[in-house]
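Only one structure is covered here, and it is reproduced in the block below.
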Amino acid sequence: MSDPAAPVSLQVEGLRSGYHGVTVLKGLDFAVGDEIFAVLGANGAGKSTLLATLARLIPLMAGAIRFQGEDVSRLPPYETAGRGVGYVPQEKGTFPDLTVLENLRIGGMIGRRSRDDRMAEVFELFPDLRALQAQPAGTLSGGESRMVACGRALMQDPKVLLLDEPTAGLSPLYVDMFFEKIREIHETRGVAIVLAEQNATKTLQVADRVMVLSLGEAFAVMDAAELTTQQLKEGYRI
Ligand SMILES: Nc1ncnc2c1ncn2[C@@H]1O[C@H](COP(=O)(O)OP(=O)(O)OP(=O)(O)O)[C@@H](O)[C@H]1O
Ligand SMILES: [Mg+2]
């Protein structure tokens with residue numbers, strides 16, 4: 001459960017962003033603590049735009065992003081990554097020509113802890129990756145590729161992990177496995193999670209709080225435990 005007393009990790013105030021002068025996110029306000037914070041919304045709601053903005057890949061048009069009290073609104077992505085913001089994009093989360101091991105090593109270029117220790121932790125979390133170490137990431141299946149992208153972000157020792165629809169297009173078995181891993185990452189490593197999702201049922205099973213995003217506007221931030229899939233479908237058409 002979310003703990004209101006827990007230190008705020010990310011704080012977003014009046015956030016506006018978009019592309020080529022077109023506003024997609026129309027002024028968002030929310031804070032993420034030590035929790036799994038889900039952003040639920042339909043296609044085109046602005047979830048990926050939000051996560052890419054938080055990862056500092058898209059410039060802000062207005063507002064501010066604070067990470068652990070520091071204004072990071074104008075920092076470049078490698079600076080926020082270095083401070084502990086990990087990002088797994090919806091697509092292209094790996095370097096396709098590099099092997100699995102090389103992809104993980106690139107993630108490990110950030111962070112202070114021993115790279116071997118972190119690599120061992122990633123293999124513990126995703127044991128399937130062990131046998132795939134020498135394989136080019138571009139030849140992996142969708143599910144394997146998601147694990148590498150997630151592993152690469154974890155190699156950076158993030159304090160908050162931005163996950164953009166990590167289970168989209170995966171088979172039910174992989175979907176279940178991935179949602180379990182998300183909980184595990186949060187609970188055993190103390191990493192706060194911002195999870196963009198369309199799958200309301202699964203999201204309610206793992207998230208502490210849910211923000212509903214529709215056409216770039218945030219409708220509500222609610223405790224997941226107080227919500228049902230039916231309410232989300234009826235109220236917000238998710
Ligand atoms: N690179 C871009 N240039 C211009 N417009 C874009 C770009 N990327 C996204 N958009 C627009 O921004 C809006 C929000 O898109 P976004 O990808 O953030 O939605 P989403 O909630 O992630 O959707 P999905 O669930 O389909 O991934 C859409 O109207 C989309 O067309
Ligand atoms: Mg998206």
Side-chain angles (χ1 to χ4, degrees), residues 10 12-30 32 36-65 72-74 76-77 80-81 85-94 96 142-143 145-150 152-153 158 160-172 174-175 178-179 181-182 192-207 209-222 224 227 229 231-238:
L10 271 175
V12 171
E13 290 163 9
L15 178 73
R16 293 171 74 89
S17 79
Y19 308 90
H20 321 296
V22 178
T23 305
V24 173
L25 302 177
K26 299 166 186 157
L28 303 183
D29 294 278
F30 62 91
V32 179
I36 299 181
F37 184 90
V39 180
L40 261 183
N43 290 122
K47 303 180 298 294
S48 294
T49 305
L50 173 59
L51 264 55
T53 307
L54 295 177
R56 301 297 312 109
L57 296 166
I58 300 177
L60 277 70
M61 292 169 168
I65 303 167
V72 297
S73 311
R74 270 155 199 85
T80 47
V85 180
Y87 172 53
V88 182
Q90 191 166 351
E91 280 153 12
K92 302 192 185 85
T94 60
S145 181
R146 304 312 297 165
M147 289 192 273
V148 174
C150 198
R152 186 191 47 72
V160 62
L161 190 56
L162 313 171
L163 292 173
D164 195 348
E165 294 201 49
T167 66
L170 302 188
S171 65
Y174 259 110
V175 171
F178 230 102
F179 274 96
K181 296 295 177 189
I182 292 167
I193 310 265
V194 180
L195 173 68
E197 263 299 335
Q198 303 200 34
N199 185 333
T201 306
K202 282 280 159 199
T203 298
L204 291 180
Q205 287 168 11
V206 299
R209 290 191 304 154
V210 175
M211 179 172 83
V212 177
L213 196 63
S214 178
L215 296 175
E217 288 182 85
F219 273 83
V221 178
M222 295 161 281
L227 276 168
T229 307
Q231 284 169 328
L232 285 169
K233 277 191 182 144
E234 284 169 5
Y236 304 98
R237 301 185 175 200
I238 291 167

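Counting begins at 1 with the first residue of the sequence. Read the numbers this way: they start at 1 and go in the same order the structure lists the ligands and their atoms.
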Would you give me the side-chain donor-acceptor pairs under 3.5 Å for residues 47-55, sequence neighbours excluded?
unit_1 : atom_1 : unit_2 : atom_2 : d
K47    : NZ     : G41    : O      : 2.9
K47    : NZ     : A42    : O      : 2.9
S48    : OG     : Q90    : OE1    : 2.5
S48    : OG     : D164   : OD1    : 3.4
S48    : OG     : D164   : OD2    : 2.6
T49    : OG1    : Y19    : OH     : 2.8
T53    : OG1    : S17    : OG     : 2.8
T53    : OG1    : T49    : O      : 2.5

* Structure fact -> Note: heavy atom closest to atom 19 (O) of ligand 1, options G46, A168, S214, belongs to G46
* Would you say the side-chain atoms of R56 pair up with the backbone N or O of S73, donor to acceptor, closer than 3.5 Å? -> yes
* **Protein heavy atom under 4.0 Å of atom 30 (C) of ligand 1** => no
* Structure fact -> Honestly, for A196 the part within reach of ligand 1 (heavy atoms, under 4.0 Å) is neither
* To do: Look only at the side chain of R146 and the backbone of T167, and say whether a donor-acceptor pair between them is shorter than 3.5 Å.
  => no
* ligand 1 to V24 polar contact by distance, N or O atoms, under 3.5 Å -> no
* **Heavy-atom neighbours of L57 CG exceed 12 at 6.0 Å** => yes
* To do: Any atoms of ligand 1 less than 4.0 Å from a non-hydrogen atom of T49? List them with their elements.
  => 14 (C), 15 (O), 16 (P), 18 (O)
* To do: Run the numbers for me: atoms of ligand 1, each under 4.0 Å from some heavy atom of S48, listed by number.
  => 17 (O), 18 (O), 20 (P), 22 (O), 27 (O)
* Please identify each residue that fulfils salt bridge (Lys or Arg N to Asp or Glu O under 4.0 Å) with E13, with sequence neighbours left out. => R66
* Asked: What protein N/O/S atoms sit under 2.8 Å from the Mg ion (ligand 2), by chain and number?
  -> S48 OG, Q90 OE1
* **Set of residues satisfying side-chain contact (heavy atoms from CB on, under 4.5 Å) with respect to V206, sequence neighbours excluded** => F179, R183, L195
* Could you tell me which atoms of ligand 1, counted from 1 in the order shown, lie closer than 4.0 angstrom to a heavy atom of N43? => 23 (O), 24 (P), 25 (O), 26 (O)
